[in-house]
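So you know, we letter chains A, B, ... as the sequences are listed, proteins then strands, and number each from 1.
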Amino acid sequence: MSANYLDGLNERQREAVITLQGPVMIIAGAGSGKTKVLTTRIAHLMRNGVDAFNILSLTFTNKAAKEMKERVEKILGSNEARNLYIGTFHSVFARLLRSDAPKMGYPSDFTIYDADDAKSVVKTIINELNLDDKHYKPNLVYNRISAAKNSLIGPEAYQVDYYLQQEDQRASRPLTGKIYDLYVKRCYKNGAMDFDDLLFKMYQLLKGFPDVLAKYQHKFKYIMIDEYQDTNPAQYEIVKLLGAVHENICVVGDDAQSIYSFRGATIQNILQFEKDYDDVKVVKLEQNYRSTKSILGVANEVIAKNKGQIEKNLWTDNVEGDKIKLVRTNTDNEEGKSVADTIAELKLRNHFANRDFCILYRTNAQSRSFEESLRRQAIPYRIFGGLSFYQRKEIKDFIAYLRIISNSRDEEALKRIINYPVRGIGKTTLEKVAIIANDQNITFWEVLERASEFGFKGGTLEAIANFVIMIQSFRVMLDKHNAYEVAVQVGKSTGIVKELFNDKTTEGLARYENVQELLNSIKEFTETPTEDGELLDDKSLGIYLQQITLLTDADNTNDENSDVVKLMTIHASKGLEFPVVFNVGLEEGLFPSGLSINSREELEEERRLFYVAVTRAKSRLFITYANSRYRFGQLQQNEPSRFLEEIPEKYLDRSYAGGGLRNSGAMGGGASWGNMFDKRKAPGAAAGPSRPAQQEPRPRVISSPTAANHTPSANFTADDPATMEVGMDVEHQKFGFGKIIGLEGAPNNRIATVMFPKAGGEKKIMLNYAKLMIVRQ
DNA sequence: GGGCGCAGCCTTTTT
DNA sequence: GGCTGCGCCC
């Protein structure tokens, strides 16, 4: 234990740490040691006799939570910190809801629907209502529902809210409220909560059950909220309820870094905090330890353009540092090349490692040109964001099995896997199931269990019965086996693992490896003791599932072991820092986004986003933009971002990266720059060690050999499906020769499993469609 | 069932 | 430009 953990703090930080009682607001400028203050404060609470079980600390990302817990542990030199309630709003509430969800009619193993699941439910409902999906786009409707929930507006309130109704009328979606209502009911029936429900239901739980509220008010004597500027009304109300008795609420944030209003965050929460409680102690952390004077100077100049901020003056003792490099290129590809070239050069000259670099963009779609140029330079990189591991199809499929085992009401999971792998329960059957389920108001699973009552017959009934028995056998296993053992059995019994193993295509191999990785992660989960004091011995499937749904790709950003250049959106970079930062795509329409320039509020949020981007850099900052780039498959001319004009010239070192030419003039309305160099687009014209310009096409995944052209035998004629039997050698027009190793399905709709040694292994063939010729019986 | 081609969407950002 | 979902074929 380090006794003098207070020594390393500056005066302000110290003040923030030792003020333990009552409401405290810490305004923490970028790079001002916020995490240090938060963690030290928690440690200090515990040193002063506060039980870890009584401290609740809410963060925005899992990564931030993990880091905090580790740092508290380090200060304390003990594992007491494991008893702290530190986590994201979503994960902590999911945990609390586990014990109390049954009070509201949900199973304690309720499923958490991610955005994909939720949109799928919305889509189903739109279809069921026979609404035209030109107007009722699932995506937009879902966003609308999400926004309502984040403002604690339920379906009833929604449908009588004048302004909401007006908006929906104007958008030609008058029935959005109706969809919302049905959506909520459907999720309930499915025993599922979406991300927003974790907040909304938590709120309803506290509001509706005074004993529960009292329990948690008593439990959480000290509450700390990180990134308070990004909280939404639901989070705000919950915090207010939980803290109402002790009022030991410490919020930390920076209004200048509020960038999540699109998700319902209200910057007002932080601006108004002083009015919410009596005697709020406000501490401002204004010394920046991260960046050079130049970088911070730019940041301050930019953010000064925003109105209505909490007054502060961010300063640093650090060196002046280099000017900010502002690089213009002709195209997005050249932008990528310029960045990759610069990275290569800095590595060579200044001995930077790959991990010292980060490329920050406004939208995920911008990553492509950088990926290509980095690959060409053989610079290892990793993209954060985008599809997380758990969103891959093969992983979602596998997890769907675990979900339906854990929660039989989970209709979305059931739909995913009822016919994967193929078992003869097709679209028609599923439609019948859906109709019966809606009609009788029972779950899909119940319909399947009682399939014979509902008139399913023959092969279909048999297939359903087998499926039901299989899932039930997994459930029985749960009593005596942990999540990993059940998962392994699922892989075996369903044949998924074998099927993926037999697929020898490149993609198939990757899928197989991913599933293996999933199994490993489940194993790891069952073998690691939970940090969660109350659930120490429970390593059940339900907990595992709830946990992984709340995991993001960005949570792995701190993987210090891998020496790679990082690519991510600015949003994902919040809270991180890098020696060298490239802030790319500074163009009108892109950054600020064309969708966010219609009001002062929107534009100010874009500017805060730019502020966040600038303040990620420690020693070197590059800002780049291109005259033209491909968007939507079309070449688009762009003007330089208005934010560039807000940077005083003295901070900038301008250059043009197309041919090493210098542009000396000020930015006299970028339009004139447009065509100057257009004609010299030849690949070799670019600066740098131009290789003999063989612009190698991007390495592509080789397309699957299953498409390999087998030339059918001259005498090929299809044989009658009814005559096929297991063990026969057959020929397929495309896949070549193979052996039937399985037969299933109704007599009039037989499905053969055939092993094709030369075409990727086992395939399921529907004999009614694909023709097979018997070669040898 | 699944492969293929086409249409339409997407591009704001995520727990 | 890339991805998804859909309808059509075998």
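C/dC3 atom P lies 17 Å from atom CZ of A/Arg631, rounded to whole Å. At whole-Å resolution of the value, CG in A/Asn139 and C1' in C/dT4 are 12 Å apart.
Residues passing the ring-ring contact (aromatic ring centres under 6.0 Å, His included) test with A/Tyr113: none are found, sequence neighbours excluded. A search for ring-ring contact (aromatic ring centres under 6.0 Å, His included) contacts involving A/Tyr420 returns nothing, not counting sequence neighbours.
Of the side-chain N and O atoms in A/Lys123, none sit less than 4.0 angstrom from OP1 or OP2 of C/dT4. Note on A/Asn232: every side-chain N or O is 4.0 Å or more away from OP1 and OP2 of B/dT15. The side chain of A/Thr549 contributes no N or O atom lying less than 4.0 Å from OP1 or OP2 of B/dT15. The side chain of A/Asn419 contributes an N or O atom lying less than 4.0 Å from OP1 or OP2 of B/dG1.
Heavy atoms of A/Ser596 sit under 4.0 angstrom from at least one base atom. Residue contacts for A/Asp196: at a heavy-atom cut-off of 4.0 Å it reaches no nucleic acid atom on any strand shown. Nucleic acid contact class of A/Glu606 (heavy atoms, under 4.0 Å, all strands): base. When heavy atoms are screened at a 4.0 angstrom cut-off, A/Phe89 is found touching no nucleic acid atom at all. Within the 4.0 angstrom heavy-atom criterion, no nucleotide atom of any strand lies near A/Phe591. A/Phe195 comes within 4.0 angstrom of a base, heavy atoms only. Residue contacts for A/Gly594: at a heavy-atom cut-off of 4.0 Å it reaches no nucleic acid atom on any strand shown.
With salt bridges taken as basic N to acidic carboxylate O contacts below 4.0 Å, none links A/Asp397 and A/Arg511.
Ring to ring, A/Tyr260 and A/Phe60 are close: their centroids are under 6.0 angstrom apart.
Taking atom P on both C/dT4 and B/dT13, the two are 15 Å apart, rounded to the nearest angstrom.
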